[in-house]
Amino acid sequence: MTRMNRTRYLTATRSNRLRPILLILLVLGAAFAIFRLAGVGGLNESNYMTQRDLNLRREAQQAINAVNSLSRLGSSSSSAELGRLRQHIHGVELLNNLNVGMYGEVGRLFAQSVFDNLYAIIDEYDAKLISGQRIYDSLNQLSEAVESLSAMVTDVLDGKTVSVQPSAT
């Protein structure tokens, strides 16, 4: 009697062995298809570009606003404004680096030297502000550099072309 039960068990198991595996694969395949159609786990390139463009425009505009709000007399709020300006320039730089990450060097919107130049001007302005030197020239230079960055952002977004060629480094 034990031998008969054992044989019946083995026979039943062999015939139904693939059914749970196929059922699991079918459920996983259906879940993958549903998530894929819903956009989960995929990159919607047009959505990415729309978000990138909106953020680039916003960061450039806020950088201009930060420069315009800097006091020409060197008030105590100038250091905080410089921090905000650096933040917005860094935001444009991050979006540039994200674009390079997505598309490779072909996707570079601005050369790294643009950001290095802006950071150098900000550091110079900050050093003059701290030491009590005249900041008028540095403020004008900073204003021109940020306006130039904003113009480059506008060129890139309106023309959808790379405004500055990538550097060889």
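This one's a predicted model, so the numbers in the text were calculated from it and none came from an experiment. Residues: numbered from 1 along the sequence shown.
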- Message: Give me the atom names and distance for the closest heavy-atom approach of Gln87 to Glu59.
- Response: O-OE1, 4.3 Å
- Message: To the nearest 0.5 Å, what is the distance between CD on Glu93 and CG on Asp116?
- Response: 7.5 Å
- Message: Rounded at 0.5 Å granularity, tell me how far CG in Asn140 sits from CD1 in Ile121.
- Response: 11.0 Å
- Message: Is the shortest side-chain heavy-atom distance between Leu82 and Arg86 below 4.5 Å?
- Response: no
- Of all heavy-atom pairs between Met49 and Tyr103, which one has the smallest distance, and what is that distance? CG-OH, 4.0 Å
- Task: Provide the closest heavy-atom pair for Leu109 versus Asn96 in the form atom of the first, atom of the second, distance.
- Result: N-OD1, 2.8 Å
- Can you say whether the rings of Phe115 and Phe110 are parallel (under 30°), tilted (30 to 60°) or perpendicular (over 60°)? perpendicular
- Message: Is there a path of hydrophobic side-chain contacts, each under 4.5 Å between heavy atoms of I/L/V/M/F/W/Y residues, joining Tyr119 to Leu95?
- Response: yes
- Can you tell me how far CD1 of Ile122 sits from CG of Leu118, rounded to the nearest 0.5 angstrom? 6.0 Å
- Query: How far apart are the closest heavy atoms of Arg108 and Asn97, and which atoms are they?
  - Reply: NH1-OD1, 4.4 Å
- Message: Quick check on the hydrophobic clustering: are Val114 and Ile64 connected, directly or via other members, by side-chain heavy-atom contacts under 4.5 Å?
- Response: yes
- Task: From the options Leu28, Ile21, Leu22, select the one residue that forms a side chain to side chain contact (heavy atoms under 4.5 Å, CB included) with Ile24.
- Result: Leu28
- Query: How many angstroms lie between atom CD of Glu81 and atom CG of Asn68, to the nearest 0.5 angstrom?
  - Reply: 10.0 Å
- Item | Nearest heavy-atom neighbours spanning Leu129 and Ser78 | CD2-CB, 3.5 Å
- Note on the structure: One should read off an interatomic distance between Thr50 OG1 and Leu54 CG, to the nearest 0.5 angstrom, of 7.0 Å
- Query: Under the 3.5 angstrom rule, does the side chain of Asp53 hit a backbone N or O of Leu157 as a donor-acceptor pair?
  - Reply: no
- Query: Should Arg52 and Met102 count as side-chain neighbours, where that means a heavy-atom distance under 4.5 Å?
  - Reply: no
- Hey, does Leu85 have a side-chain heavy atom less than 4.5 Å from the side chain of Leu142? yes
- Item | Reported CZ-to-CG distance for the pair Arg134 and Leu139, which is rounded to 0.5 angstrom | 11.5 Å
